[in-house]
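Predicted model, so just to flag it, every value in this text is computed and none were measured.
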Amino acid sequence: MKEHIGRRAFIRTSAGLLGGAVLPGVFHVELPLYAERRYKFRAYRPGKTAAPVQCITPDDGFYLHTFYNKCPWSHDGRYFAVTRLPAQKAKAAWGDTAEVCVIDLERQSIRTVYRTKAWGFQLGANIQWRYDSNRYLYTNDIIEGKVVCVRIDIRDHTATVYAGAKYDLAPDNRSVISPQLMNMNMTQYGYSVPDPPSGRPAPFTKADMQREGLWKTDLDANREFLFVSFSDFIARSENDYPFYSNAVLYLFHSQFNRQNTRILQVLRAQVDNKGRNACLFSLNADGTGLQQCLSMEKWNQKAPGGSGNHPNWHPDGEHVVMNCVPTWLGYKDMRFCQFKYDGTDFSILSEKHMGSGHPSIDNTGRYLLADAYPKQTYVVSTDGGIPIRLIDLRHDEEQILCTIANDVGGKGAQYTKENRAQGGSGYKLDPHPVWSPDGKSIAFNGAPEGRRQVYIADLKQVIS
């Protein structure tokens, strides 16, 4: 088990405040009360989209919601969480702070609730609501050189600092899981935290394969421990074992299913600090039952739009939805696919519409939501924007809800050649469309005026 932060009596957070220990390793921090700012939501292309769309962020900064699989709405739907970034084109720098903000959708107002040094251009501050609450938000911060989970109480303006980092919060709100975020930039930028003061991520070594892996923090006991080791992943990598046993491994996306019974884990591997060589694992929420559900060979089959990407839990908690290039079934292009957590029951969700972007399925199981990548020429909008796509799986029919420009400039030019090789443009903007809790709205990122903003589309007149 790793050492808890804070053997001293106090710590200092990115908000600049001292926190005192209330339990061993748990710190309680009083936060400043930032001013609420009122403004008006702005209609986006009124009358020209299939569903009405509003920009819900003010034009005073660079905003984004978290990800396509993390709901930015609070439990009751009134509040919406966003990250306000300190910049939108420069490389994320150690020590720079981003703001965790809450939008009151009824009052059309925004308020900063926390400032953090743990952020990236893809997930922002990785903000996540407590599943049963409109009061608590979870994020990360870098405190005493360590990435740790922070719970923000937006009612009492306090924060609780835990021992370990968060990539995903368990649906029972009792634990968080995370890879080692200080090393995640080795395979792709934007999903963890800025590089350390050296300006580059530190690669793992072969020796790290014995002491690193997926970490879990029990929030009730505030105990951080190695949940699944890299050696465990290697041992269960089936036909990929010869490659993975001689490579240096990294973990990427970690995700609980909504039933809190299973976890999805993306594994990547490098030789000579290059490549991704991804595959997918699942395991039970208690750490047992680790198994490979999509091999490196199947993940990395190529199509014009690239190889497989973006696995996500189906709402049933038993299946995975993912973009794949299923050449083993005779397909030569990317498709929206579904398979069981153990890799069985593989199926194609749409025969008519190509896979792309970041797919998710609504709670009814009927509608698939996705965006697209510009280089995938089989999904094109006439105005050059990124299409926000809704596919009725019952009838295999697609609607383009709207298109949205996402060019924030630069194309990665301010990253070094070495870093571009590892992660491409670390500050690109993806729409990452995501469902509201009631399935009647969606949110997504965009930059039609060259500035990162967040939008909500009302689907009540679109879905039956």
Please lay out, stage by stage, how His75 and Arg130 fare under the test side chain to side chain contact (heavy atoms under 4.5 Å, CB included).
CA-CA 8 Å; His75 179 70; Arg130 182 181 167 100; over 6 Å; no

Of all residues at least two apart in sequence or in a different chain, which pass the side-chain hydrogen bond (donor to acceptor under 3.5 Å, both in side chains) check with Asn260?
Asp172

Partner residues of Thr261 under the side-chain hydrogen bond (donor to acceptor under 3.5 Å, both in side chains) criterion, sequence neighbours left out
Asn257

Less than 6.0 Å separating the ring centroids of Phe227 and Trp215?
no

Going by atom types alone, do Tyr34 and Arg115 pair a side-chain donor with an acceptor below 3.5 Å?
yes

Is a side-chain N or O of [X] found less than 3.5 angstrom from the main chain of [Y], in a donor-acceptor match?
X	Y	result
Thr217	Ala163	no
Asp272	Lys274	no
Arg84	Cys101	no
Asp141	Lys117	yes

Could you go step by step and tell me if Ser282 and Leu264 meet the side chain to side chain contact (heavy atoms under 4.5 Å, CB included) rule?
CA-CA 5 Å; Ser282 71; Leu264 275 183; 4.3 Å; yes

For the pair [X] and [Y], name the ring-plane relationship: parallel under 30°, tilted 30 to 60°, perpendicular over 60°.
X	Y	value
Phe233	Phe230	tilted
Tyr367	Trp435	tilted
His358	His432	perpendicular

Could you grab the distance from atom CG of Asp168 to atom CG of Asn69, nearest 0.5 Å is fine?
7.0 Å

Examine Arg37 relative to Tyr39 and say whether NZ or CZ is less than 6.0 Å from the centre of the six-membered ring and inside a 45° cone about the ring axis.
no

Single hit among Ile177, Leu267, Asn183 for side-chain contact (heavy atoms from CB on, under 4.5 Å) with Leu251
Leu267

Between Leu214 and Ser254, is any pair of side-chain heavy atoms under 4.5 Å apart?
yes

Among Arg276, Gln270, Arg268, which residue meets the side chain to side chain donor-acceptor pair (under 3.5 Å) test with Thr187?
Arg268

Residues passing the side-chain contact (heavy atoms from CB on, under 4.5 Å) test with Pro315, sequence neighbours excluded, are Arg258, Ile361, Asn363

Under the ring-ring contact (aromatic ring centres under 6.0 Å, His included) test against Phe252, which residue among Phe281, Tyr167, Tyr191 passes?
Tyr191

